[in-house]
**Student:** 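Take this structure first; my questions come after.
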Amino acid sequence: MELEICCGSYEDALIAYQGGARRIELNSALYLGGLTPSLGSLILTKKLPGLKVIAMIRCRGAGFCYSREEFAQMMLDAKLLLEHGADGLAFGFLQADARLDLPKIRQMITLIHSYHKEAVFHRAIDVSDNLLKNAKILTNLGVDRILTSGGYPKAIDGLETLAELLSYDVEILAGSGISAENVQAFKEIGITQVHASCRAFVNDPTTSGQHVSFAYLDNNYERVSLSKVTALRRAIDE
């Protein structure tokens with residue numbers, strides 16, 4: 001089973017690599033659900049031998065219905081990341097009514113495939129108007145992989161939908177709430193790849209002063225946990 005770790009920085013990527021992951025999704029701002037990473041983090045991460053890096057393309061938090069200007073920015077970010085070694089890109093575009101934004105999706109897939117890289121539609125599909133129908137549309141459009149929880153907050157609750165998606169002619173990457181304690185349930189239904197954050201929280205004492213605070217998680221920030229990655233890798237290999 002392939003283990004993909006969701007990383008928010010080069011440091012996260014290094015920890016995931018040390019824990020046995022050989023594919024990561026590289027982001028920034030994980031507290032917003034993951035945004036486009038910096039070129040610096042990608043360039044450093046690509047120095048890790050044998051590590052496949054899927055870079056997130058997402059310019060802001062909240063949903064996935066983007067303006068013309070936001071889309072132009074994301075297309076340029078995508079081109080830059082591909083030119084600097086990203087092995088694929090994770091993206092998702094919806095219309096305001098939660099249907100797939102087909103013109104934007106087609107343009108992104110065409111760009112990614114022009115570099116012979118992997119096009120991954122992320123969990124925007126979990127808030128789309130019809131997950132199963134849209135997964136079939138994405139397959140026909142040429143998406144290489146779909147990251148999904150099966151339409152539930154945690155993938156363990158979406159096992160039935162995930163099992164149905166396995167019959168589609170596209171790679172299914174199960175994600176959200178994957179851990180060493182529940183990964184066997186995904187193996188049992190035939191899932192061959194999982195996406196996990198394996199996160200821990202680290203305190204930064206400079207987050208708050210006497211009168212000013214920059215806290216969003218008390219004085220903590222998220223970081224990949226080496227022990228959680230190692231435990232998940234071990235559970236997968238059992």
Side-chain angles (χ1 to χ4, degrees), residues 4 6 25-36 54-78 81 88-113 117-178 182 185-186 189-197:
E4 177 180 286
C6 182
E25 180 190 86
L26 185 62
N27 300 258
S28 65
L30 289 181
Y31 63 94
L32 291 175
L35 302 183
T36 304
I54 306 300
M56 174 62 72
I57 298 296
R58 188 170 176 236
C59 65
R60 58 164 170 80
F64 310 100
C65 180
Y66 299 106
S67 68
R68 180 186 308 172
E69 292 77 14
E70 288 173 325
F71 181 64
Q73 175 183 323
M74 287 190 285
M75 287 296 288
L76 180 55
D77 281 336
L81 290 164
L89 301 178
F91 64 94
F93 304 122
L94 301 178
Q95 299 182 67
D97 60 4
R99 291 185 298 163
L100 296 177
D101 192 330
L102 298 179
K104 290 183 176 68
I105 292 169
R106 288 191 182 99
Q107 287 183 63
M108 183 61 75
I109 293 172
T110 297
L111 175 67
I112 296 169
H113 286 172
K117 304 299 184 180
E118 297 178 348
V120 183
F121 199 90
H122 60 45
R123 290 191 61 215
I125 195 170
D126 289 320
V127 293
S128 68
D129 66 328
N130 188 317
L131 191 156
L132 292 173
K133 179 189 75 175
N134 290 332
K136 191 155 292 184
I137 293 170
L138 290 169
T139 301
N140 292 335
L141 289 175
V143 162
D144 299 293
R145 184 159 59 249
I146 297 173
L147 168 61
T148 176
S149 63
Y152 288 83
K154 300 299 180 184
I156 194 68
D157 299 314
L159 288 175
E160 184 176 341
T161 302
L162 291 168
E164 185 168 353
L165 288 169
L166 289 175
S167 66
Y168 291 25
D169 189 23
V170 66
E171 293 182 21
I172 298 300
L173 173 62
S176 187
I178 309 290
N182 64 22
F186 298 92
I189 67 166
I191 291 290
T192 61
Q193 45 187 308
V194 292
H195 171 99
S197 62

**Student:** Check Ala96 against Cys65 and note the closest heavy-atom contact, atom names and distance.
**Tutor:** N-SG, 3.5 Å
**Student:** Kindly check if the number of other-residue, nucleotide or ligand heavy atoms within 6.0 Å of CD (Glu160) is above 12?
**Tutor:** no
**Student:** Kindly indicate whether the side chain of Leu26, heavy atoms from C-beta on, has any atom under 4.5 Å from the side chain of Leu81.
**Tutor:**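 Not touching, per the 4.5 Å side-chain cut-off.
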**Student:** Please tell me if the side chains of Ile137 and Ile105 come closer than 4.5 Å, counting only heavy atoms from C-beta onward.
**Tutor:** no
**Student:** Give me the one residue out of Ile125, Leu102, Val170 that meets side-chain contact (heavy atoms from CB on, under 4.5 Å) with Leu138.
**Tutor:** Ile125
**Student:** State whether the number of non-hydrogen atoms from other residues, nucleotides or ligands found under 6.0 Å of Asp97 atom CG is greater than 12.
**Tutor:**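 Enclosed: over 12 neighbouring heavy atoms sit under 6.0 Å from CG of Asp97.
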**Student:** Drop me the distance from Glu171's CD to Leu166's CG, to the nearest 0.5 angstrom.
**Tutor:** 11.5 Å
**Student:** Counting distance only, does the side-chain N/O of Ser149 pair as donor-acceptor with the main-chain N or O of Ser176 below 3.5 Å?
**Tutor:**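 The answer is no, because no donor-acceptor pair under 3.5 Å joins these two groups.
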**Student:** Sub-3.5 Å donor-acceptor pair from the side chain of Asp144 to the main-chain atoms of Ala119, do we have one?
**Tutor:**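 Yes; judged by distance alone, with no hydrogens or angles, the pair exists.
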**Student:** Would one find more than 12 heavy atoms of other residues, nucleotides or ligands at under 6.0 Å from atom OH of Tyr168?
**Tutor:** yes
**Student:** Taking atom CE of Met75 and atom OG1 of Thr110, what is their separation to the nearest 0.5 Å?
**Tutor:**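 Between Met75 CE and Thr110 OG1, I get 8.0 Å after rounding to 0.5 Å.
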**Student:** With a 3.5 Å distance limit and no angle check, can you tell me whether Asn27 reaches the backbone of Leu30 through a side-chain donor-acceptor pair?
**Tutor:**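 Not at all, since once roles are kept as given, no pair shorter than 3.5 Å links the two residues.
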**Student:** Does the side chain of Arg106 reach to within under 4.5 Å of the side chain of Leu141, using non-hydrogen atoms?
**Tutor:**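 Sidechains of Leu141 and Arg106: in contact.
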**Student:** Would you say His122's side chain and Gly92's backbone share a donor-acceptor pair under 3.5 angstrom?
**Tutor:** yes
**Student:** Do you know which two heavy atoms are closest between Leu162 and Ala174, and how far apart they sit?
**Tutor:**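 Looking at all heavy atoms of both residues, the closest pair is CD1-CB, 4.1 Å.
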**Student:** Please report the C-alpha distance between Gln193 and Glu4 in whole Å, then the side-chain angles of each, then the deciding distance to 0.1 Å, and finally whether the side chain to side chain contact (heavy atoms under 4.5 Å, CB included) criterion is met.
**Tutor:** CA-CA 7 Å; Gln193 45 187 308; Glu4 177 180 286; 5.7 Å; no
**Student:** Rounded to the nearest 0.5 Å, how far does CD1 of Ile109 lie from CG of Leu89?
**Tutor:** 11.5 Å
**Student:** Considering residues at least two apart in sequence or located in another chain, which fulfil the ring pair (Phe, Tyr, Trp, His ring centres under 6.0 Å) criterion with His195?
**Tutor:**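 With neighbours one apart ignored, the set is empty.
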**Student:** As an exercise, state the distance from CG of Asp77 to CD of Gln73, rounded to the nearest 0.5 Å.
**Tutor:**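 Those atoms lie 5.5 Å apart.
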**Student:** Would you verify whether the NZ or CZ of Lys104 falls within 45 degrees of the ring axis of Tyr66 while also being under 6.0 Å from that six-membered ring's centre?
**Tutor:**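 No - Lys104 does not lie over the ring of Tyr66 by the 6.0 Å and 45° rule.
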**Student:** Restricting to non-hydrogen atoms, name the atom on Asp129 and the atom on Arg99 that form the minimum distance, rounded to 0.1 Å.
**Tutor:** OD2-CG, 3.2 Å
**Student:** Mind checking whether Phe91 and Phe121 have parallel, tilted or perpendicular rings, split at 30° and 60°?
**Tutor:** perpendicular
**Student:** When you look at Glu164 and Leu132, which way does the side chain to side chain contact (heavy atoms under 4.5 Å, CB included) test go after all the steps?
**Tutor:** CA-CA 8 Å; Glu164 185 168 353; Leu132 292 173; 3.6 Å; yes
**Student:** Gln95 side chain to Leu100 main-chain N or O, any donor-acceptor pair under 3.5 Å?
**Tutor:**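 It does hold such a pair.
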**Student:** Ala90 and Glu25: which non-hydrogen atoms are nearest, and at how many Å?
**Tutor:** CB-OE2, 3.9 Å
**Student:** Check whether any side-chain heavy atom of Leu94 lies under 4.5 Å from a side-chain heavy atom of Val127, and answer yes or no.
**Tutor:**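 In short, these two side chains touch, coming nearer than 4.5 Å.
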**Student:** Which atom names give the shortest non-hydrogen contact between Arg58 and Gly34, and what distance separates them?
**Tutor:**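 Scanning both residues, the minimum pair turns out to be NH1-O, 3.1 Å.
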**Student:** Drop me the distance from Phe186's CZ to Ile178's CD1, to the nearest 0.5 angstrom.
**Tutor:**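 Going from CZ on Phe186 over to CD1 on Ile178, the span is 3.5 Å.
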**Student:** Considering only NZ, NE, NH1 and NH2 on the basic side and carboxylate oxygens on the acidic side, decide whether Asp126 and Arg123 come within less than 4.0 Å.
**Tutor:**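 The answer is yes: the pair qualifies as a salt bridge.
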**Student:** If you define the side chain from C-beta out and look only at heavy atoms, does anything of Met108 sit under 4.5 Å from Ile57?
**Tutor:**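 They are in side-chain contact.
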**Student:** Looking at SG of Cys6 and CE of Met56, how far apart are the two atoms once the value is rounded to the nearest 0.5 Å?
**Tutor:**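 Reported value, rounded in 0.5 Å steps: 6.5 Å.
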**Student:** What is the minimum heavy-atom distance between Asn182 and Gly177, and which atoms define it?
**Tutor:**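 Looking at all heavy atoms of both residues, the closest pair is ND2-O, 2.9 Å.
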**Student:** Yes or no on side chain to side chain contact (heavy atoms under 4.5 Å, CB included) for Ile54 and Arg145, after CA distance, side-chain angles and deciding distance?
**Tutor:** CA-CA 11 Å; Ile54 306 300; Arg145 184 159 59 249; 3.7 Å; yes
**Student:** After noting the C-alpha distance and the side-chain angles of Ile172 and Thr148, does the key distance pass the side chain to side chain contact (heavy atoms under 4.5 Å, CB included) rule?
**Tutor:** CA-CA 7 Å; Ile172 298 300; Thr148 176; 4.2 Å; yes
**Student:** Kindly determine whether Asp169 and Thr139 satisfy side-chain hydrogen bond (donor to acceptor under 3.5 Å, both in side chains), including the steps that lead there.
**Tutor:** CA-CA 7 Å; Asp169 189 23; Thr139 301; over 6 Å; no
